[in-house]
Structures are given as structure tokens and as C-alpha cells.
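Below: the structure, in C-alpha cells.
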Amino acid sequence: MIEERLLYKFRAESKLYMKGDVIFEEGGTPNFYYQLKEGKIKLNNFKEDGKEFIQNIFSEGQSFGESLLFIEVQYPMNAICLEDCQIISLPKTSFFDLMNEHPEVSFGLNKALSQRLYYKYIMLQNLSSTDPTTRMISLMNYLKSFHVKKEKYAFVVPFTRQQVANLTGLCVETVIRTSKKMVKKDIIRIKDRKIHY
DNA sequence: TCATTAATTCGCC
DNA sequence: GGCGAATTAATGA
């Protein structure tokens, strides 16, 4: 993320969005750098059959859409608010001005982009696996890697079953069935419907 | 508190 | 794995 002070210096604007609001859509032209100040958003696609696949879910402090600013393409996904959000947006030209004048910020951005890429590598490998247990475990491993507590069961998966399903490409029922199997194998625990890993 | 909606779970194919 | 129905949780009037 980029310091807010710096963003505003470059004419960034803060906007409020409601749950379910669309920030940008597949096919649209990327013109802004977005940074989440408050709330959660998802990047998703809808497959031919109408099913949703979630590319990623972001929360406070994370930026999104920036990787598309460097190349002349259209958005390959939608960005939708999962809850009410406050989002800071910076126009593309200002974004580049900022990058030019603050190379240290540019370096930080590289780091963030590398992190995204890493996630994609993990998930790509993940999706090629047919075993639902493997899919869920690699998603959880990834999520837990950001978590401070590394002890077993210390991490609570911050998603609903539905969201886990959409992130892994599994169906809800499979996520539920697989979760139960994993509880028996002592891989996870479930408390108040939340998955502890 | 009741009604509505979303999420979760279960049974059956 | 997918579908429909039952159950439970969350949200709002």
C-alpha cells in the first residue's frame, strides 16, 4: 500500500461504496489505482455457466487494479464490494507522476505485485489438483502465511464456505464435505461454523 | 419480535 | 458433483 498522505498529495480521492457496488467491470478500461481504506472487495469472473470464480479478496490497506495500469488492456475481471467500503482512487497519470517522483514507493509496489504473482502460482498449481483436500489446504496455507500466529488451529479462515468454494473452484457442498473429513483427520477444527487451521 | 434473505447442511440421485 | 429441501444465522422493518 501507498501512504495516504502521499496519495492525496497527488490528487487522489476517497469515495464511499456500498456493499455490492461494482468498482470496475470486466471489459472496462483501467484508469485508476485503487487502495482500500476500509472494507473488503473481491475480484471475480463469471464463467460461461454463470458460476462465479473469485480471483482474490482484499481488505483494508491493500491496493488493486494497479497491475493493469502498466499495460494497455481492458479489465479481465470485476471488482465488487463485499461490504461497505472506503476506497482511495488515484488517476492513472497521477499514479505515474507519483511513481516517478518516489522511487521508493515504486519499489514497494513491485513487492506487492510479486506477492500477487506468488499467490497466482500457488493457486494455479492448486487448481490443477483434483483432490479437494489439497485445494483447500493450499488456499489455507497461503492465507495463514500472512497470519502472525503459526500454531495449529490458530488461524481462522475469514471466508464463508461459499467464498472458499468460489476461491478454490469447488462447489459449496464439496467444501462442506471436505471440511468434515479434515476435521476427522485433525487437519482443521470447526468452531461456530468457522474453520480453524 | 416477526419476516425476509443468506448461508449452511443434508439426503438423494 | 449437483439439485432441492430443511435448518440455522444474520439483517432489517
Side-chain angles (χ1 to χ4, degrees), chain A residues 14-28 34-62 64-65 75-88 116 119-197:
Chain A
S14 170
K15 274 190 201 167
L16 293 175
Y17 291 83
M18 294 291 143
K19 179 179 180 181
D21 279 358
V22 175
I23 302 153
F24 57 73
E25 294 184 88
E26 189 170 350
Y34 295 97
Q35 184 165 308
L36 211 43
K37 181 172 167 61
E38 194 67 54
K40 282 183 183 167
I41 68 113
K42 66 180 173 185
L43 299 182
N44 71 358
N45 288 109
F46 290 99
K47 297 190 281 186
E48 325 76 56
D49 56 2
K51 291 225 182 87
E52 180 184 17
F53 181 79
I54 300 181
Q55 297 277 349
N56 222 329
I57 292 183
F58 295 125
S59 50
E60 292 87 6
Q62 295 189 284
F64 57 96
Y75 282 119
M77 72 297 203
N78 311 292
I80 301 173
C81 298
L82 290 174
E83 44 191 66
D84 293 353
C85 295
Q86 187 181 354
I87 298 171
I88 303 171
R116 298 293 158 68
Y119 172 72
K120 287 293 159 199
Y121 287 139
I122 303 268
M123 292 308 283
L124 189 59
Q125 181 191 19
N126 182 10
L127 293 173
S128 64
S129 164
T130 50
D131 176 30
T133 308
T134 313
R135 288 202 196 187
M136 286 186 60
I137 288 178
S138 51
L139 174 69
M140 291 191 296
N141 274 335
Y142 170 77
L143 294 171
K144 194 174 179 176
S145 68
F146 294 111
H147 204 261
V148 269
K149 293 177 186 168
K150 303 295 177 194
E151 302 91 59
K152 211 175 183 186
Y153 311 128
F155 175 70
V156 181
V157 179
F159 303 134
T160 63
R161 305 275 188 280
Q162 188 64 250
Q163 288 173 329
V164 171
N166 291 143
L167 280 162
T168 51
L170 299 165
C171 64
V172 199
E173 291 92 332
T174 307
V175 170
I176 289 161
R177 286 164 192 154
T178 308
S179 310
K180 299 204 158 175
K181 275 187 201 163
M182 289 194 285
V183 169
K184 282 186 183 166
K185 290 180 185 167
D186 286 329
I187 298 170
I188 59 168
R189 275 182 192 165
I190 295 178
K191 203 197 293 179
D192 295 333
R193 292 193 170 186
K194 297 280 181 197
I195 297 175
H196 296 240
Y197 176 62

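The structure presented is a predicted model; accordingly, all values stated were derived computationally and were not measured. All chains are named by letter (A, B, ...) in the order of the sequence lines, taking the proteins before the strands, and each is independently numbered beginning at 1.
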Checklist entry - Among E52(A), Q55(A), M77(A), which residue meets the side chain to side chain contact (heavy atoms under 4.5 Å, CB included) test with K42(A)? => result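 Exactly one option meets the side chain to side chain contact (heavy atoms under 4.5 Å, CB included) with K42(A), and it is E52(A).
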
Checklist entry - Short question: side chain of Y153(A), backbone of D186(A) - any donor-acceptor pair under 3.5 Å? => result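 Present.
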
Checklist entry - Counting N and O atoms only, with roles assigned by atom type, does the side chain of R161(A) sit under 3.5 Å from a partner on the main chain of R193(A), one being a donor and the other an acceptor? => result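 Checked: pair present.
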
Item to check | Student check: side-chain heavy atoms of F46(A) and N78(A) closer than 4.5 Å | outcome: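 Yes, side chains in contact.
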
Checklist entry - Hey, which of these two, C171(A) or K19(A), hits DNA chain C nearer its 5' end, going by closest nucleotide? => result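 Mapping each residue to its closest nucleotide by heavy atoms, the 5'-most match is C171(A).
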
Item to check | Presence of K51(A) side-chain N/O under 4.0 Å of dG2(C) phosphate oxygens OP1/OP2 | outcome: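 Checking K51(A) against dG2(C): at least one side-chain N or O falls below 4.0 Å of OP1 or OP2.
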
Next on the checklist: For a quick check, with a 4.0 angstrom heavy-atom cut-off, what is the B/S/- contact string for nucleotides 6-13 of chain B, read 5' to 3'?
Outcome noted: --SBBBB-

Next on the checklist: Would you call the rings of Y34(A) and F24(A) parallel, tilted or perpendicular, taking 30° and 60° as the class edges?
Outcome noted: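 Taking F24(A) first and then Y34(A), their aromatic rings sit tilted (interplane angle of 30° to 60°).
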
